[in-house]
Amino acid sequence: MEIAVIRVILLGLISGLTNGAGVLPDGPLNAAVGGTVTLTTTLTPTENPVFSVIWRFGDKNIITLTNTNTTAPEYEGRITLFIYTGSLELRNLALSDSGEYRVSITPHGAAELVGRTTLNVYEPIDSVRAEANSTDLVELSSVRLSCSSSGSSLSFLWMNGSSEVTASDRVHLTDGGSTLTITNRFLLSDGPENTNLKLSPSQEYFEKGSNISLSCSADSRPEAHFNWFLNGEELPDTGPELRLVNVQESQSGNYSCRAFNIKTLRSETSVQSRVSVLEKVSSASITSSPNLPSEGNSVNLTCDAVGPSITRKWMKDGSDLSLADNMMFYDVNRVLSFQPLKKTDGGEYSCHVNNTINTVEARYIVVVNYGPENVQIKGDNETQRGQTFTLNCSAESEPSASYTWILNGKEIHSSAVYTKENTEPSDSGNYTCQVMNSVTMRSSSKVHGLTVTAGGGLSAGAIAAIIIITCLIVTAASAAGGYYIYKKK
């Protein structure tokens with residue numbers, strides 16, 4: 001049984017008030033054993049010592065100052081007389097120094113002055129103890145408290161908290177106040193009540209491998225004993241604290257503590273506190289199915305991770321993902337499905353996976369494969385025999401497509417640009433540019449017609465040669481006296 005704190009104030013008993021008669025101040029003077037006290041007169045110091053001084057303790061002279069200075073043997077070495085005022089200092093005081101002191105002083109040229117006072121010497125207070133006759137107290141029992149101390153002239157004051165204890169029908173003070181008896185004391189032993197369980201750190205979810213401290217408290221006299229329970233099953237642990245070191249998921253559950261008072265034989269159980277032990281989320285990843293997504297096809301992005309109680313949040317290009325009309329979630333946001341995939345769906349996707357312990361992030365860049373489409377051919381539609389012509393084929397495609405040229409059903413070239421020198425009329429025909437995307441497995445083509453003509457006139461070289469030949473013929477004819485007529489058709 002915890003006894004209420006009782007403060008004891010021991011007061012020195014002061015008695016025997018004596019007034020100094022003229023030359024000494026009012027008394028009494030109080031001092032401690034072994035201490036020092038000065039019996040001070042009211043005289044003002046002058047240039048000359050007083051004419052005579054006689055100090056007496058009871059009927060015995062202590063010191064006399066006239067023509068000579070006489071000191072009682074028992075005071076040798078422990079008194080000092082101040083010859084200008086007649087004051088007396090006493091040192092190394094004993095209990096036997098308590099009593100009445102008288103002085104007779106005759107200043108130079110003045111009448112005799114007398115006075116008296118009382119000195120009380122006390123033994124210092126020490127070793128104060130308060131004891132109860134029993135600490136095994138229950139309601140409606142009585143208790144007797146005793147206070148003792150070394151020292152002299154003691155008085156006693158009992159306190160209950162900050163309030164003074166006074167006598168009443170149930171409270172009795174005896175033996176000069178040193179004994180306090182309380183009858184029919186109510187609730188000296190009680191409880192437990194207000195049983196409370198606290199978690200440290202204060203949280204519901206804990207990381208696997210961490211340390212947890214559970215503490216239990218209750219209002220109880222005497223202090224309660226504590227037992228611990230997990231999901232209603234008693235644990236072997238006892239005491240006000242339960243420590244879970246390197247906690248595992250198997251230790252998750254509802255914890256409670258029970259306080260028990262061995263005196264009142266009562267018990268109380270705390271409210272349960274939930275402890276959930278979780279493993280950290282790890283190994284987050286995003287996979288695509290199919291691995292090479294193509295425009296127009298169904299594509300699924302799957303966000304996976306290791307760990308319990310996982311939630312997921314998707315983002316695209318650093319912003320929260322807003323679902324378009326071709327997007328939907330499956331399996332509690334685990335799968336992001338495109339039905340179908342569009343070119344605009346390309347970009348960087350991130351999946352934030354978390355439980356109450358931690359958060360991890362996985363990223364995936366979606367490249368939308370498409371095409372080929374919008375096939376275009378650039379080049380002339382007509383050329384002449386012997387000339388060079390070039391056909392350039394292009395198409396929109398991701399990834400880049402492959403190109404094949406076909407003339408009249410026969411493959412003639414395998415790149416985007418086809419060039420032919422020294423053309424012949426046989427090079428005329430429909431040139432087909434066939435474009436193929438090896439990822440989307442799609443193809444597209446474009447046809448370009450080309451005509452190679454034999455030529456309706458002469459080339460510049462042929463015309464020059466004809467002019468030279470004609471000039472030679474005319475010259476020869478003139479020389480022969482004839483002439484030659486050239487008519488151009």
Side-chain angles (χ1 to χ4, degrees), residues 1-10 125-150 156-175 177-202 211-245 253-275:
M1 177 71 187
E2 181 182 357
I3 304 175
V5 177
I6 301 173
R7 294 173 53 197
V8 181
I9 299 178
L10 300 170
I125 298 172
D126 193 15
S127 303
V128 180
R129 295 181 62 188
E131 297 178 322
N133 65 323
S134 174
T135 58
D136 188 14
L137 304 175
V138 294
E139 58 188 23
L140 301 181
S141 65
S142 298
V143 62
R144 184 176 69 253
L145 304 175
S146 300
C147 183
S148 62
S149 173
S150 62
F156 300 87
L157 177 64
W158 291 88
M159 306 289 290
N160 184 359
S162 60
S163 301
E164 180 181 353
V165 177
T166 58
S168 67
D169 57 343
R170 292 194 308 109
V171 178
H172 306 279
L173 295 170
T174 57
D175 301 330
S178 64
T179 301
L180 171 65
T181 303
I182 305 174
T183 60
N184 295 330
R185 179 65 176 172
F186 181 69
L187 287 180
L188 288 179
S189 179
D190 61 355
E193 57 187 25
N194 300 323
T195 304
N196 185 41
L197 188 156
K198 290 184 178 180
L199 290 175
S200 180
S202 180
N211 298 331
I212 308 173
S213 176
L214 297 87
S215 60
C216 192
S217 62
D219 296 334
S220 176
R221 298 188 185 91
E223 291 185 356
H225 293 254
F226 297 98
N227 297 88
W228 293 91
F229 298 84
L230 173 58
N231 298 326
E233 297 293 329
E234 186 171 0
L235 299 173
D237 307 80
T238 60
E241 183 180 25
L242 174 64
R243 288 186 57 79
L244 306 178
V245 180
N254 296 313
Y255 284 81
S256 60
C257 63
R258 182 178 65 192
F260 177 72
N261 188 317
I262 62 174
K263 294 300 181 183
T264 64
L265 300 181
R266 294 198 296 263
S267 65
E268 184 181 71
T269 301
S270 71
V271 175
Q272 291 183 337
S273 291
R274 178 69 184 175
V275 173

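If you read the sequence from its start, that first residue is 1, and numbering goes on from there. Remember, predicted model here, so these are calculated numbers, not experimental data.
- The side-chain heavy atoms of Tyr255 and Leu199, taken from C-beta on, include no pair separated by under 4.5 Å.
- The nearest pair of heavy atoms linking Val165 to Val171 is CG1-CG1, 3.7 Å.
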Sequence neighbours left out, cut at 3.5 Å: what donor-acceptor pairs do the side chains of residues 236-244 make with other protein atoms?
residue	atom	partner	partner atom	Å
Glu241	OE2	Ser213	OG	2.7

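- Considering all non-hydrogen atoms of both residues, Ala259 and Thr195 come closest at CB-OG1, 3.8 Å.
- Among residues two or more places apart in sequence or in another chain, the salt bridge (charged side-chain N to carboxylate O under 4.0 Å, His left out) test is passed with Glu164 by none.
- In this structure a side-chain-to-backbone donor-acceptor pair under 3.5 Å is present from Asn261 to Thr264.
- Atom CZ of residue Arg266 and atom CD of residue Glu193 lie 8.0 Å apart, to the nearest 0.5 angstrom.
- Partners of Phe260 under the side chain to side chain contact (heavy atoms under 4.5 Å, CB included) rule, at least two apart in sequence or in another chain, are Ile262, Leu265, Ser267.
- Expressed to the nearest 0.5 Å, how far CD of Glu131 lies from SG of Cys147 amounts to 9.5 Å.
- Closest heavy-atom contact between Ala224 and Ser220: N-OG, 3.7 Å.
- Rounding to the nearest 0.5 angstrom, the gap separating the CG atom in Leu214 from the OG atom in Ser270 is 9.5 Å.
- For the atom pair CG (Leu173) and OG (Ser168), the distance works out to 9.0 Å, reported to the nearest 0.5 Å.
- A distance of 14.0 Å separates CG of Leu197 from CZ of Arg258, quoted to the nearest 0.5 Å.
- In terms of heavy-atom proximity, Asp175 sits nearest to Ser178 at O-OG, 2.8 Å.
- Considering CD of Gln272 and CG of Asn231, their distance stands at 7.5 Å, rounded to 0.5 Å.
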